[in-house]
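Residue indices begin at 1 and follow the sequence shown. In each ligand, atom 1 is the first atom listed, and ligand 1 is the first ligand listed. Basis for what follows: all heavy atoms, side chains included, without hydrogens, waters or symmetry-related copies. Bear in mind that the values here come from a model prediction, so they are computed numbers and not experimental data.
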Amino acid sequence: MKVIACYSNKGGVGKTATAVNLAYSLSTAGVRTLLCDLDPQGASGYYFRLKPSKKLTEARFFDDAKQVRKAIRESDFENLDILPSNPSYREFDILLSQMRAGQSHLGRALSGVEKDYEVVVLDCPPNLSLLSSHIFETADAIVVPVIPTTLSQRTLEQLIKVFRKKNLPTKKLHCFFSMVQRAKNLHQDTIADMRTAYGKRFLTAQIPFASDVEKMGVHRAPVMVTARSSPAARAYVSLCEELISRVFKT
Ligand SMILES: Nc1ncnc2c1ncn2[C@@H]1O[C@H](COP(=O)(O)OP(=O)(O)OP(=O)(O)O)[C@@H](O)[C@H]1O
Ligand SMILES: [Mg+2]
């Protein structure tokens, strides 16, 4: 089972939109997929018309494999299940600080579903935290949406620095440009500069800024379902294909 985390230390960059469409895209490629919502905001579950998990509190998430399995819901789509979040997940860091250091608590929590899924997609909350350290350790790939602006470049630099400081493999980081507005010179210039600076750390696929993606909140379904031939949906398919070839190669 591979674990793919949609993560950025910056908020509002498209992590959830990516997690939802990537998980759906994997499922349509025949990959048994679990989308695990780690963000107490519960947006991933919302997009699939699911209520937050009532019983799966932050403590049970790490300590009760049976409850984790019980909280998993089927989506309307073949090969795609969802583990909705719980509002108490905002306490993850407090809980993790009380747990034994040096152990892979997230890895252990996910090992309970290892036999059922080929891929777990994590929708992660923003910020650098104890939880994010566990995500960095556990995930096989960390997909990082980057809006092509100066501030995003700075945030990515911070993330890479953290990886180097913690001796984590930066090759786990698979960045892509998110919410791209081609008409904006700043976006075009930043993309060109960052592609030169970061090379293969960036995927070729980039996701355009599109109202079809924004409307996911209205339709409560992946854009690949509601506007399947739109440029955004096609871009998510390319992103997924590129990721599959990178993640399953290792
Ligand atoms: N490609 C896109 N084009 C236009 N709007 C987008 C796109 N991707 C995401 N959005 C919108 O931007 C907002 C933030 O997106 P999203 O929730 O996916 O980001 P996030 O990184 O998960 O945010 P958070 O840090 O709060 O979890 C949402 O309103 C979403 O509909
Ligand atoms: Mg989100």
Side-chain angles (χ1 to χ4, degrees), residues 4-25 35-50 52-53 82-87 89-90 92-93 120-129 131-132 135-136 139 141-149 151-156 158-159 173-184 186-188 190-191 202-240 242-243:
I4 303 179
C6 295
Y7 171 83
S8 168
N9 35 334
K10 198 163 170 52
V13 293
K15 297 179 288 296
T16 299
T18 305
V20 164
N21 286 291
L22 175 61
Y24 175 77
S25 189
L35 171 58
C36 172
D37 191 352
L38 290 178
D39 190 334
Q41 294 180 95
S44 279
Y46 178 84
Y47 282 133
F48 284 100
R49 300 172 180 270
L50 293 169
S53 171
I82 318 288
L83 181 59
S85 77
N86 178 290
Y89 285 8
R90 44 179 60 85
F92 265 151
D93 263 32
V120 176
V121 174
L122 303 176
D123 181 16
C124 305
N127 293 328
L128 290 159
S129 60
L131 176 65
S132 68
I135 291 165
F136 300 160
I142 299 156
V143 184
V144 187
V146 177
I147 301 175
T149 62
L151 270 186
S152 297
Q153 182 160 3
R154 214 177 139 253
T155 316
L156 179 58
Q158 286 167 350
L159 180 60
L173 297 171
H174 304 273
C175 309
F176 72 92
F177 291 109
S178 176
M179 302 192 204
V180 175
Q181 292 176 272
R182 284 180 165 271
K184 282 191 175 171
L186 174 69
H187 278 207
Q188 278 191 21
T190 310
I191 289 173
F202 270 83
L203 298 164
T204 310
Q206 48 191 51
I207 308 296
F209 186 91
S211 57
D212 286 326
V213 181
E214 285 179 300
K215 284 188 203 148
M216 276 174 42
V218 179
H219 300 303
R220 296 183 71 181
V223 67
M224 298 171 59
V225 173
T226 56
R228 55 187 298 219
S229 47
S230 64
R234 289 206 306 270
Y236 278 121
V237 174
S238 303
L239 184 88
C240 180
E242 235 180 319
L243 269 171

Given a threshold of 2.8 Å, state how many protein N/O/S atoms are nearer than that to the Mg ion (ligand 2). 1
Does a side chain donor of either Thr16 or Asp123 reach within less than 3.5 Å of an acceptor in the other side chain? yes
Using non-hydrogen atoms of the residue, decide whether Lys215 is closer than 4.0 angstrom to ligand 1. no
Close approach of Ala210 to ligand 1, heavy atoms, under 4.0 angstrom: yes
Look at [atom] and find which of [options] reaches it with the closest heavy atom.
| atom | options | value |
| --- | --- | --- |
| atom 1 (N) of ligand 1 | Ala17, Ser178, Pro208 | Pro208 |
| atom 14 (C) of ligand 1 | Ala232, Gly12, Ala235 | Gly12 |
| atom 17 (O) of ligand 1 | Thr16, Asn9, Val13 | Thr16 |

Which segment of Asp123 sits under 4.0 Å of ligand 1 when only heavy atoms are counted: neither
Under 4.0 Å from ligand 1, counting heavy atoms only, is it the side chain of Met216, its backbone, both or neither? neither
With sequence neighbours left out, what residues match Phe177 under ring pair (Phe, Tyr, Trp, His ring centres under 6.0 Å)? Phe202
Does CZ belonging to Arg220 count more than 12 external heavy atoms closer than 6.0 Å? yes
Do any nitrogen or oxygen atoms of [X] come within less than 3.5 Å of a nitrogen or oxygen of ligand 1?
| X | answer |
| --- | --- |
| Gly11 | no |
| Pro126 | no |
| Lys15 | yes |
| Gly14 | yes |

Student check: side-chain heavy atoms of Val20 and Val223 closer than 4.5 Å: no
For Asp39, counting its heavy atoms only, list the atoms of ligand 1 lying under 4.0 Å from any of them. 27 (O)
Can a protein heavy atom be found under 4.0 Å away from atom 28 (C) of ligand 1? no
Is atom 7 (C) of ligand 1 touching the protein, meaning some protein heavy atom lies under 4.0 Å away? yes
